[in-house]
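To start, the structure under review is shown below, and the notes come after it.
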2 protein chains.
Amino acid sequence: MFRKVLIAEDHEMTSISVTKTISELGIADTQYTYYCDDAMMLLKKAQQAGAPFDLLITDLSFEEDHRKQKIAGGEELIALSKSFQPNLKVLVFSAENKSALVDKLFTDFSIDAYVRKARHDAKDLRAAIEAIAQGKKYMTADLKQSVKVKNTFEFSSIDLTILKLLSAGTKQKDIPAYLQANKITPSGLSSVEKRLNIMKEVMGFSKNEQLIAYCKDYGII
Amino acid sequence: MFRKVLIAEDHEMTSISVTKTISELGIADTQYTYYCDDAMMLLKKAQQAGAPFDLLITDLSFEEDHRKQKIAGGEELIALSKSFQPNLKVLVFSAENKSALVDKLFTDFSIDAYVRKARHDAKDLRAAIEAIAQGKKYMTADLKQSVKVKNTFEFSSIDLTILKLLSAGTKQKDIPAYLQANKITPSGLSSVEKRLNIMKEVMGFSKNEQLIAYCKDYGII
DNA sequence: TGCCGCTCTACGGGAAACCGTAAGGAAAGG
DNA sequence: CCTTTCCTTACGGTTTCCCGTAGAGCGGCA
């Protein structure tokens, strides 16, 4: 089992429960932070002191407040942590249930476990920590399904750009100019139209308004 | 202070922390459920047994799973609870930060407190419970600001209808037919255009997509 | 009743978006 | 080096949307 655990989680309530769960597993040495920058600092200090953390439990999204942060969110924190302490085990504890995102975390960021904030997350978290301790990977059950079943449409970077521009009031015909100015290809008006058509077709939508509403509902933009 | 508290919250971790916070306030008799239907049942039972709950702490969104529920979410739960136990105090504990939504909860559902799941939510929750116990209303600080600032334009019923139709994929020119079918006046296409123009002008917007995005962001539709 | 002010509706010209088609261009493969 | 294929872009015709104007309906008031 782990000896020293760091929790990066901006919700106080969640942080309390995570701490409690860990202490129930017999891990005495836990620290927690509400900010990514603090988490980074603690990781570095611990390593320099010769007593590095061996598990990081982190959320993905951290809300901005008066304290300006260099590290914006969980992904960045994970990447930086791994870069100077590659053996650090990482458990992501987040409400996100997008299969593509979770996949990326496992492949690109080589995390060890993903626990989704949901109905039985306390049990899941315990199971995940035990699994990692045995050198296994862990993923909440519901996500395993959704990776297979909910083959939801993957919005590309340019799709998101287009949607953001539209919801910012940009006229469709003015989008090519913006794309060119920002060196984004493809930039033709037809390509913009094509992307919008594909998005709408996949979703079974007929109008841009509908698409924007959907993306807002699911936090895509 | 309260004697008997019911917690309706589908996230196990959050539920644990809420329970802990409440017990720290010296409230011994707390029960928790992961489902709205269960919450409703417990409220009814308690009242029939002559020992009703005097505080309900509930989330807004409950995830669906294998257990089919009659009550879909927090709003519905609150409405039903109040209908048969009007003196029940209600504290909403949710991650939503849409001012329009929170406003609606206070005015239409006459809740007593809204605590947003955020950085200092444990402190906020404690403060909220103490405020309610003294017969006060409570709202997290960050929301007070946004309610005041953003609550400029008053969306009429027909405005909301138009916006909902648009975001459901209805063509603008087909909206008059819908309005007539539902006996809503005015129903002319020009009137629809006029309402949209007014909304956009007030907000400083130029396109419908922008308007939809705004309304989704602030929970207006 | 006749005038006035108001809102809703109808119409038409122009702009933007939609949609199909075809030409241009780069990468992959023989 | 050429061909095939896929993707991007360009260009028209049609639909929808946008916007200004004008007329119709309705209540208030002298």
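A, B, ... follow the sequence lines: proteins, then strands. Residue 1 opens every chain.
Spacing between atom CZ of R195(B) and atom C1' of dC8(C) amounts to 13 Å, rounded to whole angstrom units. Summarising the geometry, the separation between CD1 on I158(A) and C1' on dC7(D) is reported as 12 Å, rounded to the nearest angstrom. Spacing between atom CD1 of I175(A) and atom P of dT9(D) amounts to 14 Å, rounded to whole angstrom units. The CD atom of Q180(B) sits 14 Å away from the P atom of dC8(C) (whole-angstrom rounding).
In summary, the side chains of Q180(B) and S187(B) do present a donor paired with an acceptor at a separation below 3.5 Å, with no hydrogens or angles considered. A donor-acceptor contact closer than 3.5 angstrom is absent between the side chains of N208(B) and K207(A).
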Q. Could you walk me through whether Y214(B) and F205(B) pass the ring pair (Phe, Tyr, Trp, His ring centres under 6.0 Å) check?
A. CA-CA 10 Å; Y214(B) 174 89; F205(B) 294 163; 5.6 Å; yes

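Neither OP1 nor OP2 of dT8(D) sits under 4.0 Å from any side-chain N or O of S191(A).
A salt bridge is defined here as a Lys NZ or Arg NE, NH1 or NH2 lying under 4.0 Å from an Asp or Glu carboxylate O, and D112(B) with K137(B) meets this definition. The pair D124(A)-R116(A) fails the salt-bridge criterion, with no side-chain N (NZ, NE, NH1 or NH2) lying under 4.0 Å from an Asp/Glu carboxylate O.
Among the protein residues, S187(B) comes within range of the sugar-phosphate backbone only, with heavy atoms under 4.0 Å from sugar or phosphate atoms but none that close to a base.
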Q) What string of B, S and - do you get for nucleotides 16-22 of chain C 5' to 3' if you count protein non-hydrogen atoms under 4.0 Å? A) SSBB---

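Cation-pi contact between R119(A) and Y35(B): present, with separation from the ring centre below 6.0 Å and deviation from the ring axis of at most 45°.
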